[in-house]
Amino acid sequence: MFINDESQKQVLPILAKTAVTPVVEVQQRASQLLQLNPGQQVKAEIISNLPNSLYLARVAGELYHLEIPLNVAPGETLELTFLTADPRITFQVMRPEVGESVKLSSMGKWLADVVKNAPSLQAPQEPLLESPEQASAQLAGRLKSALTQSGLFYESHLAQWAGGTLQLKELLKEPQGRLSRVAAEGEGDEGGGKESSAAGFADSRTLPLIKEQLLLLNSGVLAWRGEAWPGQEMELAIREGDDEKWEQGVEATVSLDLPRLGGVEATLRFSAEGISIDCVCGSPGASDLMRDQSAELRTRLSSCGLHLTRLAAKDG
């Protein structure tokens with residue numbers, strides 16, 4: 001939140017992760033009803049207060065019990081950001097303290113408008129691999145390039161380039177780099193800088209990227225969606241580990257619909273001890289097949305320097 005110098009009081013927002021438990025005690029049904037992606041924002045209308053910091057609220061047309069570490073009253077509406085559905089549906093809520101006077105700067109108002117009105121970032125057009133027969137090492141390398149060259153980390157890469165630790169040609173591979181004056185001059189493009197900027201803050205062509213950067217900062221979830229190879233859709237969400245659920249580390253959720261296994265959602269947790277994997281399979285018997293092949297998976301992970309500490313699979 002940006003605070004204007006003219007504000008009477010400087011107010012820091014209260015940032016709290018709010019676990020959501022459905023009124024109907026079926027997490028899977030609630031997840032299917034919500035149909036939300038990590039980082040997506042929704043509104044929660046508070047219906048009534050319940051004991052033990054619980055509230056009855058309407059989210060996306062459905063009633064839920066919300067466990068909220070804030071004092072809210074019936075009739076209030078909260079802005080929530082969806083974080084994850086595993087192991088419990090979890091949102092993040094940002095709400096200023098009641099009664100405080102806050103005035104946003106022009107930059108703050110512009111950023112709020114970007115989040116609300118800027119178009120979403122389009123999914124990559126090119127698959128990561130040309131065919132599924134290509135080595136998994138190629139998939140890992142190309143996925144890494146897709147994430148690091150997406151433009152979401154452009155400013156930190158710009159600082160690395162200024163410090164001499166990143167080559168300019170790598171910087172120019174990112175969307176902002178391709179729109180830069182350096183790239184335009186290199187291509188002899190006289191019209192490269194004629195695209196109008198929005199409110200004087202940024203090139204309007206970068207607004208979808210700025211929106212994604214703001215959502216990433218707010219939710220802490222790095223999401224990617226595209227094709228692993230032609231016809232094979234893949235979704236990936238990466239977040240820092242939650243101390244309430246497990247030790248510190250990195251957590252990634254990969255969703256695929258595979259020919260033999262059907263729909264598979266794998267949650268990978270990386271820590272100093274190794275990697276833990278939990279899989280939910282959409283086809284009956286697919287979890288048995290995964291467990292039968294666990295020795296080969298362990299061997300392949302070991303060849304990459306990863307120690308498999310746990311593998312759990314179940315049919316969803």
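Heads up: numbering here begins at 1 and tracks the sequence. The figures that follow rest on heavy atoms only: side chains count, while hydrogens, waters and symmetry mates do not.
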(request) For side-chain contact (heavy atoms from CB on, under 4.5 Å), just list the numbers for Glu251 and Glu240, CA-CA rounded to whole Å, side-chain angles, deciding distance to a tenth of an Å, and then say yes or no. (result) CA-CA 6 Å; Glu251 179 178 294; Glu240 289 185 349; over 6 Å; no
(request) Kindly indicate, with the supporting measurements, whether the criterion side-chain contact (heavy atoms from CB on, under 4.5 Å) is fulfilled by Arg58 and Ile47. (result) CA-CA 7 Å; Arg58 181 176 288 107; Ile47 305 299; 3.5 Å; yes
(request) Check the pair Lys211 / Ser120 against side-chain contact (heavy atoms from CB on, under 4.5 Å), numbers first and verdict last. (result) CA-CA 7 Å; Lys211 178 178 181 178; Ser120 298; 3.7 Å; yes
(request) Go through Glu170 and His157 one step at a time and tell me if the side chain to side chain donor-acceptor pair (under 3.5 Å) criterion holds. (result) CA-CA 9 Å; Glu170 295 299 319; His157 294 166; over 6 Å; no
(message) Determine whether Gln213 and Glu155 satisfy the following criterion, side chain to side chain donor-acceptor pair (under 3.5 Å), listing intermediate values before the conclusion.
(response) CA-CA 10 Å; Gln213 288 177 320; Glu155 285 73 20; 2.9 Å; yes
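Taking each heavy atom of Phe153 and Glu174 in turn, the nearest pair found is C-OE1, 4.3 Å. Contact record, Ile46 with Leu78: CD1-CD1, 4.3 Å, taken as the closest heavy-atom pair. Heavy atoms only, all atoms of each residue included: Gly263 and Asp257 are closest at N-OD1, 3.4 Å. Between Pro230 and Ser131 the shortest heavy-atom distance is CD-N, 4.4 Å. Pairing each heavy atom of Gln176 with each of Gly151, the nearest pair is NE2-O, 2.8 Å. Heavy-atom minimum distance, Arg225 versus Pro124: O-CD, 3.1 Å.
Separation of atoms CZ (Arg142) and CG (Leu147) is listed at 14.5 Å; rounding is to 0.5 Å. Atom OG in Ser219 sits 9.0 Å away from atom CZ in Arg239 (nearest 0.5 Å). In this structure, Leu311 CG and Ile277 CD1 are separated by 6.0 Å, a value rounded to the nearest 0.5 Å. In this structure, CD1 in Ile275 is found 8.0 Å from CG in Leu297, a value given to the nearest 0.5 Å. Remark: Cys281 SG to Asp315 CG distance equals 6.0 Å, nearest 0.5 Å. The structure places CG of Leu171 at 5.5 Å from CG of Leu158, a figure rounded to the nearest 0.5 Å.
In this structure, the side chains of Thr253 and Glu265 come closer than 4.5 Å at one or more pairs of heavy atoms. Residues Ile238 and Val221 fail the side-chain proximity criterion, which asks for heavy atoms closer than 4.5 Å. Under the 4.5 Å side-chain criterion, counting only non-hydrogen atoms from C-beta, Trp224 is in contact with Leu128. Looking at heavy atoms from C-beta onward, Gln40 lies out of side-chain contact with Thr81 at the 4.5 angstrom threshold. Residues Glu233 and Glu227 form a side-chain contact, since some pair of their non-hydrogen atoms from C-beta on lies under 4.5 Å apart. Val254 has its side chain out of reach of Val264: every pair of non-hydrogen atoms, C-beta onward, lies at least 4.5 Å apart. Looking at heavy atoms from C-beta onward, Gln232 lies in side-chain contact with Leu256 at the 4.5 angstrom threshold. Between Glu212 and Leu215 the shortest side-chain heavy-atom distance falls below 4.5 Å.
Ionic pairing of Lys314 and Asp278 is not present here: no N-O contact between side-chain nitrogen and carboxylate oxygen is shorter than 4.0 angstrom. Using a 4.0 Å cut-off between charged nitrogen and carboxylate oxygen, Asp113 and Lys116 do not count as a salt-bridge pair. Taking a cutoff of 4.0 Å between a charged side-chain nitrogen and a carboxylate oxygen, Arg310 and Glu273 do not qualify as a salt bridge. Taking 4.0 Å as the cut-off between side-chain N and carboxylate O, Glu296 and Arg300 count as a salt-bridged pair.
Judged by distance alone, the side chain of Ser294 and the main-chain N or O of Arg291 form a donor-acceptor pair under 3.5 Å. The main-chain N or O of Met290 is never found under 3.5 Å from a side-chain atom of Gln293 such that the two would form a donor-acceptor pair. Between the side chain of Thr165 and the backbone N or O of Gln160 there is at least one donor-acceptor pair closer than 3.5 Å. Between the Arg269 side chain and the Val250 main chain, no donor and acceptor come within less than 3.5 Å of each other.
Hydrophobic clustering of Ile, Leu, Val, Met, Phe, Trp and Tyr side chains at less than 4.5 Å, counting indirect connections, keeps Leu121 apart from Tyr154. Hydrophobic cluster membership differs between Leu209 and Leu179, with clusters built from Ile, Leu, Val, Met, Phe, Trp and Tyr side chains linked at under 4.5 angstrom. Linking ILVMFWY residues whenever their side-chain heavy atoms come closer than 4.5 Å, directly or via other members, leaves Val280 and Leu261 in distinct clusters.
Counting heavy atoms of neighbouring residues, nucleotides and ligands inside a 6.0 Å radius, atom CH2 of Trp229 exceeds 12 of them. Within a 6.0 Å radius of CD in Gln138, other residues, nucleotides and ligands contribute more than 12 heavy atoms.
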